[in-house]
> 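Please read through the structure below; I'll follow up with questions.
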Amino acid sequence: MARGNKNATIIPGFGLTLGVTVAWLSALVLVPLVLLFVRTTALSWPKFVEIVTDERAVASYKLTLGCALAAASLNAVMGSIIAWTLVRVEFPGRRLLDAVVDLPFALPTAVSGIALTAVYSRNGWIGQALGFPVAFTPLGIMVALTFIGLPFVVRTLQPAIEDLDPGVEEAAGILGASRMQTFFRVIAPALLPSLITGFALAFSRALGEYGSVIFISGNMPLRTEITPLLIVTKLEQFDYAGATALGAVQLTASFLMLFSINLVQWWTARKTGVR
Amino acid sequence: MSIEVRGVSKSFGKFAALRDVNLKVAPGELVALLGPSGSGKTTLLRIIAGLEFADDAGGGPVAPAGAPRVGFVFQHYALFRHMTVFENIAFGLRVRPKATRPSDAKIRERVLELLRLIQLDSLAGRYPSQLSGGQRQRVALARALAIEPEVLLLDEPFGALDAKVRQGLRRWLRKLHDEIHMTTILVTHDQDEALEVADRIVVMNQGRIEQVGTPEEVFHRPANEFVMDFLGSVNLFHARAEGGQERRVFVRPHDMEIGHQAQSDSSVRAVVKRIHAAGPMVKVELESEIGETLQVEMPHERYGVLGLKVGADVYVSPRESKVFFEDYSI
């Protein structure tokens, strides 16, 4: 098969690995998602439009998207600082703190949701100190989404920061750049592709998050109701078609979002010659 | 600008990288710091660059008061990979405070001039990842020169390049230096590079300077065993002097003569083990009667006259030898 093929390489198993990849992704991701759209066709078009443009649904889109975006942006900033500190600053307990970053990954989301609600409610430790309500407001949703998105940014940035050549910073310094100039002109652009990846991961995770949000949000229709919750509500009422309709909208939005972030990332990567 | 280093010491933890080093570099001179890894040569260069601080800064180690404008070239280029070649070179000018920053047109002019100097005019828009190693290093050099430094410091600049490119670049560097006459310090562990490029060579070992001199001086009149050994291959003989004292005698391979008969008392009987005839000189490896390995180099004509074969019994005699008397030896 490979003989006479001008694309033949010495690396074996091209057919096998590609086959496994496609089969696996199909079984786990593609087929179930396609089924979602197929199920939606049980609805007539006007009915579908009615469901997905319902006042509650539209409010939930805005809330979910807004909070996810805000949480991912906050994570991009704070996560960068934390990743930088964990890589570049030597301090006792660094390993421990490094492990703490992974906790949002490991905890069942319901557990984190309950814990965050307890801490940020009016009588909670932090809620008391803040003096304005966090739990049961959109702000609370943001707190939960920030919590679960943090490890994505930190874990994607850490290797990139470790990879930075200290010589590059020294070179900038010798050429007369101030610390600020070195950071903004040399370090930040080098980290940008990883930061975008981390942001995209945190953002997409936040879009789909359910478990940790439903406790802290309070789930008030039109105010603190996220789209995934609306879907579950519909399912509980055995409105499967309605649930899949909302699911299809969310899926399309997520896909478009991730696709455009990937485009941006591809573009920056090409520009920096990091492939 | 001249550079003076006075009594500089530097330790990293328990490791003493530099021990009381003194060095003077005259304006416009090209000096090579030569030594094995761990000899402190890079540390010394980094202290001069201000990238590292000497342990006891009380004496004011580096002479140029204030901060001299330094051009520094790193072994692994340290180019800004998200910037084009043009922007890399322009960086040092662009980051200047507004008051002293040249206009965009001036920056452009300066960068283009440097691109011509490094013969990469056509690659201004490329990114570093699209360049070869030799091209990257030339860009790094142009970037260092853009700020019109008073001193140029090169840290193993050709260390990561292959032999052919390295040779081309070191000649180019020497030519460049002859044109711009900038005080330059070059760190290298490659004795050929130091011998070929430098006006003066500073041979370093274990944080100390072993010898300072012109390439000829350090090669032909090495101050001690270390310098002799480091600057080329040597044969070591153990000879017994009058009074029964043992002497270590050093002979360079090209100062050895092979003959079919013994020529003097110092001739040694040996068997030819290997012959390398590819290259400008014929290299012959022999084993002496007492099992020492000897290296001899000779011109091809001489080799032809001798008609050597592996396994042949011959006599080896030193033409010129060196003995070092060191007060600190036991």
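Every chain is numbered from 1 and lettered A, B, ... according to where its sequence line falls, protein lines coming before strand lines.
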> Measure B:L93 against the heavy atoms of chain A and call it side chain, backbone, both or neither at under 4.5 Å.
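Neither part.
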> Pick from A:L192, A:T182, A:I174: which one has the most heavy-atom pairs with chain B under 4.5 Å?
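Going by pairs under 4.5 Å, I would pick A:I174.
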> How many angstroms lie between atom CZ of B:F91 and atom CD of A:Q181, to the nearest 0.5 angstrom?
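Reported to 0.5 Å precision, the distance equals 6.5 Å.
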> Answer yes or no: is there a donor N or O on one side and an acceptor on the other, between the side chain of B:H82 and the main chain of A:R185, under 3.5 Å?
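Yes, the answer is positive, given that a donor and an acceptor are paired below the 3.5 Å cut-off.
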> For B:F12, does the CZ atom have more than 12 heavy-atom neighbours from other residues, nucleotides or ligands under 6.0 Å away?
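Check passes, neighbour count above 12.
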> With a 4.5 angstrom heavy-atom cut-off, is it the side chain or the backbone of B:F72 that approaches chain A, or both, or neither?
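B:F72 touches chain A through backbone and side-chain heavy atoms alike.
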> Counting only heavy atoms not in A:R179, do more than 12 sit closer than 6.0 Å to its CZ atom?
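Not buried by this count: 12 neighbours or fewer within 6.0 Å.
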> Side chain from CB out, backbone as N, CA, C, O: work out which of these in B:R94 comes under 4.5 Å of a heavy atom of chain A, or both, or neither.
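Looking at B:R94, backbone and side chain both touch chain A.
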> Less than 4.5 Å apart, any side-chain heavy atom of B:F74 and any of A:D165?
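No, too far: nothing below the 4.5 Å cut-off.
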> I'd like to know whether CZ of A:F105 has more than 12 heavy-atom contacts from other residues, nucleotides or ligands below 6.0 angstrom.
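More than 12 heavy atoms, drawn from other residues, nucleotides or ligands, come within 6.0 Å of this atom.
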> To the nearest 0.5 Å, what is the distance between CG (A:L175) and CZ (B:R69)?
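Taking CG in A:L175 and CZ in B:R69, the distance rounds to 12.0 Å.
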> Taking all non-hydrogen atoms of both residues into account, name the closest pair between B:L79 and A:V168 and its distance.
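It is O-CG2, 3.8 Å.
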> Please give me the minimum heavy-atom distance between A:A171 and B:A78, naming the atom from each residue.
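Shortest heavy-atom contact: CB-O, 4.1 Å.
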> Between atom CG of B:D155 and atom CD of A:E170, what is the distance when rounded to the nearest 0.5 Å?
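Rounded to the nearest 0.5 Å, the CG-CD separation comes to 9.5 Å.
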